[in-house]
Amino acid sequence: MISMVPIAKLERGFYQRDAITVARELLGCILVHRVGRKVLRARIVETEAYVGQHDLACHATKGRTQRNAIMFGPGGYAYVYFIYGMYDMLNAVTGLEGDAQAVLIRAAEPQDGWQASLTGPGKLTRAMHITRKDNAADLYGDKLYIEPAIVRPQQILATPRIGVDYAGAWKDQPLRFVDAGSKALSRKIRGYPA
DNA sequence: TATAAGATCGCCT
DNA sequence: GGCGATCTTATAC
């Protein structure tokens with residue numbers, strides 16, 4: 001007999017904290033997307049924190065626009081945007097209303113025997129069928145949400161964020177977080193214990 | 001209306 | 001390690 005215990009889901013309060021805390025604690029958690037009759041699940045192993053309007057790498061740094069508007073709302077919603085003419089990026093909005101912070105989900109490990117390469121933000125959204133249509137989705141809803149970690153990372157490494165060389169002093173901030181034990185990621189990730 | 005650049009990826013050398 | 005694909009978004013004219 002299979003246990004009928006309902007699977008927990010991260011609630012709003014989890015997201016309504018600072019992006020760095022949320023980015024670290026999302027490692028090991030299970031991203032879930034229901035698409036049609038399928039349920040795609042993947043264990044998050046890499047994240048990046050974008051910490052607010054003062055962060056020159058954050059999309060909110062030049063103020064509110066049509067694209068980034070969801071970031072200015074309360075934490076617990078998805079911010080999905082299109083980039084490089086090809087890729088959708090998935091973020092979890094964090095913090096309280098008016099504080100534009102978010103966590104970019106960069107990599108995950110497929111669960112339930114599902115085979116896929118989710119090592120990279122563009123590959124992850126493509127394989128999990130997450131698109132701009134999911135922008136502003138409620139992460140406490142039934143379609144796109146995150147479950148608490150079953151296996152927490154044994155060690156977390158911090159490194160500078162990827163692809164933000166334009167961000168002045170902010171490009172060197174250690175705001176990328178990786179589960180050092182992830183087999184899906186390259187073995188030669190260099191970072192600071194965090 | 002036009003232009004530049006981007007929170008990437010995969011293929012090339 | 002470098003580069004092109006590809007097109008939305010933001011900003012400037």
Side-chain angles (χ1 to χ4, degrees), chain A residues 15 18-27 29 31 33 40 42 44-73 75-95 99-110 115-137 139 144 146 156-179 182 184-192 194:
Chain A
Y15 300 100
D18 69 278
I20 293 176
T21 300
V22 174
R24 294 173 47 101
E25 293 192 13
L26 277 178
L27 295 176
C29 294
L31 173 65
H33 190 208
L40 302 178
I44 297 167
V45 295
E46 180 183 346
T47 59
E48 280 178 3
Y50 290 83
V51 298
Q53 291 192 69
H54 57 294
D55 176 357
L56 295 179
C58 182
H59 283 176
T61 197
K62 291 177 180 172
R64 187 184 185 120
T65 65
Q66 192 167 26
R67 179 176 68 161
N68 67 24
I70 191 68
M71 284 183 82
F72 286 80
Y77 293 83
Y79 169 43
V80 185
Y81 65 89
F82 190 63
I83 188 111
Y84 299 128
M86 265 179 255
Y87 301 106
D88 291 289
M89 301 279 123
L90 170 65
N91 300 252
V93 176
T94 74
D99 187 2
Q101 302 191 28
V103 172
L104 172 66
I105 312 294
R106 291 190 55 88
E109 298 169 337
Q115 302 289 318
S117 176
L118 309 179
T119 54
K123 295 163 71 179
L124 182 150
T125 53
R126 191 182 55 193
M128 294 191 75
H129 298 93
I130 294 165
T131 71
R132 281 160 291 170
K133 291 176 184 173
D134 298 299
N135 185 48
L139 293 178
L144 183 64
I146 303 176
I156 295 174
L157 296 180
T159 86
R161 293 171 292 186
I162 305 297
V164 296
D165 289 350
Y166 59 84
W170 284 90
K171 78 178 169 64
D172 298 317
Q173 293 291 316
L175 295 175
R176 171 176 175 241
F177 301 97
V178 181
D179 174 355
S182 170
L185 297 174
S186 160
R187 295 170 197 221
K188 49 179 183 179
I189 290 175
R190 277 184 265 284
Y192 322 88

Identify whether the distance between the nearest side-chain nitrogen and carboxylate oxygen of A:D88 and A:R132 falls below 4.0 Å.
yes
Base, sugar-phosphate, or nothing for [X], non-hydrogen atoms under 4.0 angstrom?
X	answer
A:M86	base
A:G122	sugar-phosphate
A:R126	sugar-phosphate
A:R161	nothing

Between [N] atom [atom2] and [X] atom [atom1], what is the distance in whole Å?
X	N	atom1	atom2	answer
A:Y50	B:dG6	OH	C1'	11 Å
A:L104	B:dG6	CG	C1'	13 Å
A:N68	B:dG6	CG	C1'	14 Å
A:I83	B:dA4	CD1	P	17 Å
A:I162	B:dC9	CD1	P	10 Å
A:R67	B:dG6	CZ	P	11 Å
A:L185	B:dC9	CG	P	12 Å
A:Y84	C:dC3	OH	C1'	13 Å

Counting side-chain heavy atoms from C-beta on, which of B:dC9, B:dT8, C:dT11 comes nearest to A:M89?
B:dT8
Given B:dA7, B:dT8, C:dA10, which nucleotide is nearest the side-chain atoms of A:Y87?
B:dT8
Measure distances between side-chain N and O atoms of A:Y81 and base N and O atoms of B:dA7, and say whether any donor-acceptor pair falls under 3.5 Å.
yes
Provide the closest heavy-atom pair for A:L118 versus A:E109 in the form atom of the first, atom of the second, distance.
CD1-C, 4.2 Å
Looking at B:dA7, which nucleotide sits across from it as a Watson-Crick or G-U wobble partner, both distances under 3.5 angstrom, or is there none?
none
For C:dT6, give its Watson-Crick or G-U wobble partner with both distances under 3.5 Å, or none.
none
Going by centres under 5.5 angstrom and planes under 30 degrees, do the aromatic ring of A:Y166 and the base ring of B:dG6 stack?
no
Face-to-face contact A:F82 to C:dT8 six-ring, under 5.5 Å, under 30°
no
Rounded to the nearest 0.5 Å, what's the gap from CG on A:L90 to NE2 on A:H33? Could you check?
9.5 Å
Is any side-chain N or O of A:R106 closer than 4.0 Å to OP1 or OP2 of B:dT8?
yes
So does A:A57 get a backbone contact from the side chain of A:T61, meaning a donor-acceptor N/O pair under 3.5 Å?
no
Taking A:D55 for its side chain and A:V51 for its backbone only, find out whether a donor-acceptor pair lies under 3.5 Å.
yes
